[in-house]
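Let me begin by presenting the structure, written as structure tokens, before commenting on it.
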Amino acid sequence: MSDEAERPLDFIRQIVEADLASGKHTTIVTRWPPEPNGYLHIGHTKAIWINSSIAAEYGGRCHLRFDDTNPAAESVEFVEAQKEDMRWLGFDWGEHGYFASDYFPQLYEYALELIRRGHAFVCDLSSEEIEARRGTLTQAGEESPFRDRSVEENLDLFQRMRAGEFAPGDRALRAKIDMGSSVLPMRDPLIYRVVDAVHHRTGSEWPIYPLYDFAHCLSDAIEGVTHSLCTLEFADRRPLYEWILEALDIPEPRPRQIEFNPLNFSHTVLSKRFLRRLVEDDLVSGWDDPRLPTIAALRRRGVPPKALMSLCSKVGVTRREEATVELSRLDFEIRDELNRTAQRRLGVLRPLKVVIENYPEDETEMLPALNNPEDADAGTRDVPFSRELWIDRDDFIEDPPKKFNRMSVGREVRLRAAYFVTTTEVVKDANGDVIELRCTYDPATRGGDAPDGRKVRGTIHWVSAAHAVDAEIRLYDVLFEAEDPFDLPDGVEFIDRLNPNALETLTTCPLEPSVADLPAGTTFQLERAGYFSVDPDTTAEHLVLNRTVGLRDTWAKIARKG
RNA sequence: UGGGGCGUCGCCAAAUGGUAAGGCAGCGGCCUUUGGAGCCGCCAUUUGCAGGUUCGAGUCCUGCCGCCCCAACCA
């Protein structure tokens, strides 16, 4: 990856370098601020990547801060699940794991100060009344009748909010800015509200909670964050972010909010709302269903976290919010990583029996096979070979088309790491379906090379029938066949467009026995079939594999063209 | 229709007024004990459109067109 160095800096790194060069900052501090209200998905990877990689590249630090200001939606379960996902992704926050709720006392003091400075007021309007006065995109809003309360009255009321004297919705603290602003978040935004819920960390200590706009900029300031990186939909809130820091006279250098484009993919959905729909309607098996784009699902499917980080760095950072990455780009990164690191094994997805007629009935020999041709240090393993084998049905065609290099009557091919074999006879059942191949082998070609130098055009994978371990194998395809699942005609829901073939289950797939020894959680390659990982549904008696991603299939393309 | 942002190859994305990088996909070929991997080559006379400024414009100016975001006591 030496070309990495030549890649141009993205616009955020340019800002960071300029801030370092000008002396505005000497240490870069970023932060990744998830709300613990659900599962992380692949889109979140980008924010984790950009915040942590910038901190690492410039010798700074990246904080983890759970943005837990809405107790009604959050829980310790989500905190723990998200932490597990982040660690798996390789995000190491070290000593800098925080919660916005750590700052509730300071935030409350800041709110009091804002009132004292005449920049905030307690509003008695109901939610509906506030909404009615907000105005529209083109019309100014109407000021609250409570806007001009005295500092003393506001202080008293706000302290009584804090004391728990008011019910949710009865009183709220609002910043006093400009109801006529064309920037909607500047129209006297609420900054504290009454919430009747038990917070997962502070319990019932606080009857009031700060809203995002108030909590976020100040939490950044408290932590000394220099660059507060968020996605583009927050751009409209930047004026408010800066207004609050200014109104409280937060000392320079203040944290600076910079927005970047989110990571979107074709053929899937990322929004929490839609993912929840799939899970709750039992359209998938759970939050870690390997068809889903959640981190838990990708992990279960066998995707290496490095592939995700690599994808983020290659896709890059811009301000094009509509940018949508083709899902095949993710497949490429997964293959690229796994090709270099994954061990190879032999296994058959759709078995067809092969009998080597000139091989002794009772003999078994162990043949060494390369664990990873890309990695000289990966060594070899012994694979048992015997008279009766399984091969894949796709590797035999009785009447082969042109360019078909695999098995057919009278044709010699190589069995990977074993021998050259020639099909002599085809056995069929009453329906005329091929159920068995009779072959002969050439003992001189042991290991896969012919001493006389003759060549074969095809190399086929195989498994010794007597030694095979059987597995259930789950094959996956895109969740939605359409690139954009929301490009729908009237009356059609995105749910209606789920790909019915996104999961295909094969029940009895013979694999070489050493697959059973692979540590849980590792992803390996079944040669010519794809990359697979052991699913947690596996028991001592029942092996379950997920296909992480297939191999590039050039033959499929040739065959398609005829 | 107010505000904010964005339009460069099918997708992502460089180019910071000096003559359109790179990756993915695709297409040829070489090589190969995975039809994998690897290697080589091809793939934008042109940057949404129309004008203008300039010796020179994807970059600057003007006007159009298109797309995205913003009206939770969510984040």
Side-chain angles (χ1 to χ4, degrees), chain A residues 3 6-8 10 14 33-35 37 67-70 72-74 100 123 125-127 130-131 134-141 168-174 181-187 189-195 208-209 211-213 215-216 230-239 259 261 266 272 311 314-333 335-336 339-340 344 346 369-370 373-374 403-406 414-418 447-449 456-461 483 525-530 550-559:
Chain A
D3 43 66
E6 294 158 31
R7 292 192 36 217
D10 58 62
Q14 287 179 29
E35 184 188 14
N37 70 341
D67 222 338
D68 57 346
T69 57
N70 182 17
E74 300 151 4
C123 184
L125 255 22
S126 70
S127 180
I130 289 175
E131 187 185 342
R134 189 149 27 226
T136 67
L137 292 178
T138 53
Q139 291 172 307
D170 285 357
R171 294 280 192 304
L173 185 67
R174 301 177 69 177
S181 175
S182 51
V183 178
L184 269 21
M186 294 295 270
R187 317 241 264 224
L190 274 74
I191 55 177
Y192 256 96
R193 82 295 211 186
V194 178
V195 177
I208 55 172
Y209 292 87
L211 280 127
Y212 167 84
D213 291 298
H216 206 91
C230 60
T231 43
L232 243 11
E233 72 263 28
F234 290 92
D236 289 333
R237 326 197 74 92
R238 183 173 4 109
E259 312 88 22
N261 62 338
S266 66
K272 189 168 299 165
L311 179 80
K314 288 184 188 170
V315 162
V317 180
T318 69
R319 290 180 67 84
R320 279 211 331 134
E321 190 159 18
E322 321 74 25
T324 300
V325 176
E326 290 172 345
L327 209 49
S328 60
R329 180 81 171 265
L330 173 61
D331 290 346
F332 169 82
E333 293 300 335
R335 289 191 194 107
D336 193 46
N339 175 52
R340 282 180 275 112
R344 271 59 167 176
L346 297 177
L370 246 29
E374 302 296 314
K403 297 182 185 167
F404 183 78
N405 294 339
R406 285 112 97 147
R414 171 169 39 235
L415 295 178
R416 176 75 162 156
D449 267 320
V456 290
R457 304 188 56 177
T459 299
I460 275 50
H461 58 287
E483 268 185 43
Q525 183 189 105
L526 287 180
E527 293 203 33
R528 303 210 309 136
L551 258 25
R552 243 181 100 219
D553 191 353
T554 306
W555 166 242
K557 269 178 223 164
I558 297 168

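Given the structure is predicted, the values throughout are model-derived calculations rather than measurements. To find a chain, count down the sequence lines: A is the first, B the second, and so on, and within it residues start at 1.
With the 3.5 Å cutoff on both pairing distances, Watson-Crick and G-U pairs in RNA chain B assemble into runs of at least 3 at B:2-7 with B:65-70, B:10-12 with B:22-24, B:26-30 with B:38-42, B:48-52 with B:60-64.
For the P atoms, the distance linking B:C43 with B:C27 amounts to 16 Å, nearest Å. Separating the C1' atom of B:C67 from that of B:U8 is a span of 16 Å, rounded to the nearest Å.
Applying the 3.5 Å distance criterion, the base of B:G5 shares a donor-acceptor pair with the side chain of A:Glu322. If you check distances only, the side chain of A:Glu321 never reaches the base of B:G7 with a donor-acceptor pair under 3.5 Å. Side-chain atoms of A:Arg406 come within donor-acceptor range of the base of B:G35, with a qualifying N/O pair under 3.5 Å.
Whole-Å rounding puts the A:Arg414 CZ to B:U34 P distance at 7 Å. A straight line from CD of A:Glu374 to P of B:G36 spans 12 Å, rounded to a whole angstrom. For A:Leu232 and B:C69, the CG to P distance is 11 Å, given to the nearest whole Å. Taking atom CZ of A:Arg457 as the reference point, atom P of B:C31 lies 13 Å away to the nearest angstrom.
Not one side-chain nitrogen or oxygen of A:Ser126 sits closer than 4.0 Å to the OP1 or OP2 atom of B:C73. Side-chain nitrogen and oxygen atoms of A:Arg134 include at least one within less than 4.0 Å of the OP1 or OP2 phosphate oxygen of B:C73. Taking only side-chain nitrogens and oxygens, A:Arg319 comes nearer than 4.0 Å to OP1 or OP2 of B:C6. For A:Asn261, a side-chain nitrogen or oxygen approaches OP1 or OP2 of B:A13 to under 4.0 Å. For the OP1/OP2 pair of B:U8 and a distance below 4.0 Å, the side-chain nitrogens and oxygens of A:Arg320 include at least one atom meeting the criterion.
Partners of A:Ala417 according to the side chain to side chain contact (heavy atoms under 4.5 Å, CB included) rule, which considers only residues two or more places apart in sequence or in another chain, are A:Ala369. In this structure A:Leu232 satisfies the side chain to side chain contact (heavy atoms under 4.5 Å, CB included) test together with A:Glu259, A:Asn261, A:Arg319, A:Glu321, sequence neighbours excluded. Considering only residues two or more places apart in sequence or on other chains, A:His216 meets the ring-ring contact (aromatic ring centres under 6.0 Å, His included) condition with A:Tyr212. In this structure A:Arg171 satisfies the salt bridge (Lys or Arg N to Asp or Glu O under 4.0 Å) test together with A:Asp124, sequence neighbours excluded. Partners of A:Ala556 according to the side chain to side chain contact (heavy atoms under 4.5 Å, CB included) rule, which considers only residues two or more places apart in sequence or in another chain, are A:Asp553, A:Arg560. For the salt bridge (Lys or Arg N to Asp or Glu O under 4.0 Å) test, residues two or more places apart in sequence or in another chain that qualify with A:Glu333 are A:Lys314. A:Arg335 is linked by a side-chain hydrogen bond (donor to acceptor under 3.5 Å, both in side chains) to nothing, counting only residues two or more places apart in sequence or in another chain.
Here the nucleotide nearest the side chain of A:Thr554, chosen from B:G35, B:A72, B:A13, is B:G35.
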Starting at the 5' end of nucleotides 14-27 of chain B, put B wherever the base has a protein heavy atom under 4.0 Å, S where only the sugar-phosphate does, and a dash everywhere else. S-B------BSSSS
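Taking the syn range as angles within 90° of 0, the glycosidic angle of B:A21 is outside it, so the base is anti.
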